[in-house]
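A short worksheet on the structure shown next.
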Protein chains: 2
Amino acid sequence: MSIKQRKEQEKSEMRTLILKTAMNLFLEKGFENITIRNIAEKIEYSPATIYLYFKNKDEILFTLRREGFEKLYEHQKTSLKLDDPLMRLHKHGEAYIQFALENPEYYDLMFMMRGPVKEMQETNDCDIGLASYELLKTNVKECMDAGHFPVMNIDIVAFSLWSYVHGIASLIIRGRGIMFPEEGIKSMVEEALNFMLVSKTEKKWDLENKQIISGVNV
Amino acid sequence: MSIKQRKEQEKSEMRTLILKTAMNLFLEKGFENITIRNIAEKIEYSPATIYLYFKNKDEILFTLRREGFEKLYEHQKTSLKLDDPLMRLHKHGEAYIQFALENPEYYDLMFMMRGPVKEMQETNDCDIGLASYELLKTNVKECMDAGHFPVMNIDIVAFSLWSYVHGIASLIIRGRGIMFPEEGIKSMVEEALNFMLVSKTEKKWDLENKQIISGVNV
DNA sequence: GCTCATAACTAAACACTGTTCATTTAGTGA
DNA sequence: TCACTAAATGAACAGTGTTTAGTTATGAGC
């Protein structure tokens, strides 16, 4: 039994080696430029070997995609410590965009790429991807209960907020944010989040001091 | 000279035939599944012939992309007749999303696809793509002047609003709007636009009657 | 130690892809 | 009719994802 276990572990290690190598190459050259042969060459195996561990190239992409969803979920959870719902939502959006901009290749894989296999995509997202969305909905609900938002359909508000951060992240990733200097992106994102959230209550975030002050955005 | 002109016209007609055929095939099966050979077969020429009219596959994509920018620009201009700046901006966003959802393949080409040739992408967008953005900025400026928005950096507000509609459109195009029934998408978009714009002035759009009434969103 | 089945691996091929180029075909001007 | 030019193409090249038949290594049972 010990040998069988070792074999299984070796198999699993090979899978993660392939995944890790693939992701490194993706980060280096973009996933549309990476071939099975590239990956095989890097790990010094024949291309055919990869097909012993993954059904096809898509399965590699989808596995990494799923990895991305898990990373994002973990990253987002860290923003749930704040007490005030609106502040929490603000931080939530900030964390989302931060993840996207720091892991553009993952984000591309998760939300921007055309999924080759629709079925697989959906089942994949359902598990952990939906969990992220539920997290958002909870947050939105609490903001609504606290009177920060007008009372309306939660799905609409949640989807709207998601759209907002996704739009910001994906436009920047596709290089449409060139009107902002590289180093100014972060503060732009801050102001954009304020523009979305603060005006709903006509208050202004003072994020430096982590408190709410009255006034209008400048 | 007449013959030369005819030749030129034939050349141009062939180009548009290729473009039209390519776009039809894209609409049918998605552009990632269409090959030069597919296009050639459809117009009953050899694959090599296409290279007499286009440098390569990317040039076809970029030409169609540019076509998309022109279509969008024309489409958006129709929404500029409204007098009230905020109403105009609302209509602007509505038109943008409508274009994206009615021409998802164009929209994909324009804003979602990974551009293979960065340089070409930029020059392409500069002409007409930037014109669209300038249109938006003008609109934003007028809203700000009219007191609908807090006074802040116009680029930030413009980019934020663009991000919003882009986020909505691109998430729906990628099938992330499944929490809304197909026939409910349009009204969801309406509510989402209200959520973004109306709360800034604490007024509510009554789009049925095309006028602004006081109150809070429901 | 010696078989032998099983697992791991790979070389070579297949059917594709975008692209190029020598060659053929068609059409015009003299 | 003949020569010249432009248009079109067949065949090839290098590359892709993927499959399969065949080879090598490894552990189990004697």
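Chain identifiers are assigned alphabetically (A, B, ...) following the order of the sequence lines, protein sequences preceding nucleic acid strands; residue numbering begins at 1 within each chain.
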Distance flag, aromatic centroids of A:Tyr106 and A:Phe111, threshold under 6.0 Å | no
Hey, could you give me each pair passing salt bridge (charged side-chain N to carboxylate O under 4.0 Å, His left out) that has a residue in residues 34-53 of chain A? Not counting sequence neighbours.
-> none
Check whether any side-chain N or O of B:Tyr53 sits under 4.0 Å from OP1 or OP2 of D:dA8, and answer yes or no.
-> yes
Which part of the nucleic acid, if any, lies within contact of A:Phe54, taking any heavy atom under 4.0 Å across all strands shown: a base, the sugar-phosphate backbone alone, or nothing?
-> nothing
Just by distance, do the side chain of B:Glu105 and the backbone of B:Phe31 share a donor-acceptor pair under 3.5 Å?
-> yes
Are A:Leu136 and A:Tyr96 side-chain neighbours, meaning at least one heavy-atom pair lies under 4.5 Å?
-> no
Listed in order of residue number, which residues of residues 16-42 of chain A have a non-hydrogen atom at under 4.0 Å from DNA chain C?
-> A:Arg37
Polar side chain donor-acceptor pair, A:Ser160 to B:Tyr164, under 3.5 angstrom | yes
Polar atom pairs between nucleotides 21-24 of chain C and protein, under 3.5 Å, N or O only, would you list them?
none

Which nucleotide, C:dA8, D:dG10, D:dG17, lies nearest any side-chain atom of A:Tyr51?
-> D:dG17
Counting just side-chain N and O atoms, does B:Thr49 come under 4.0 Å of either OP1 or OP2 of D:dA8?
-> no
Does OP1 or OP2 of D:dA7 have a side-chain N or O of B:Lys11 closer than 4.0 Å?
-> yes
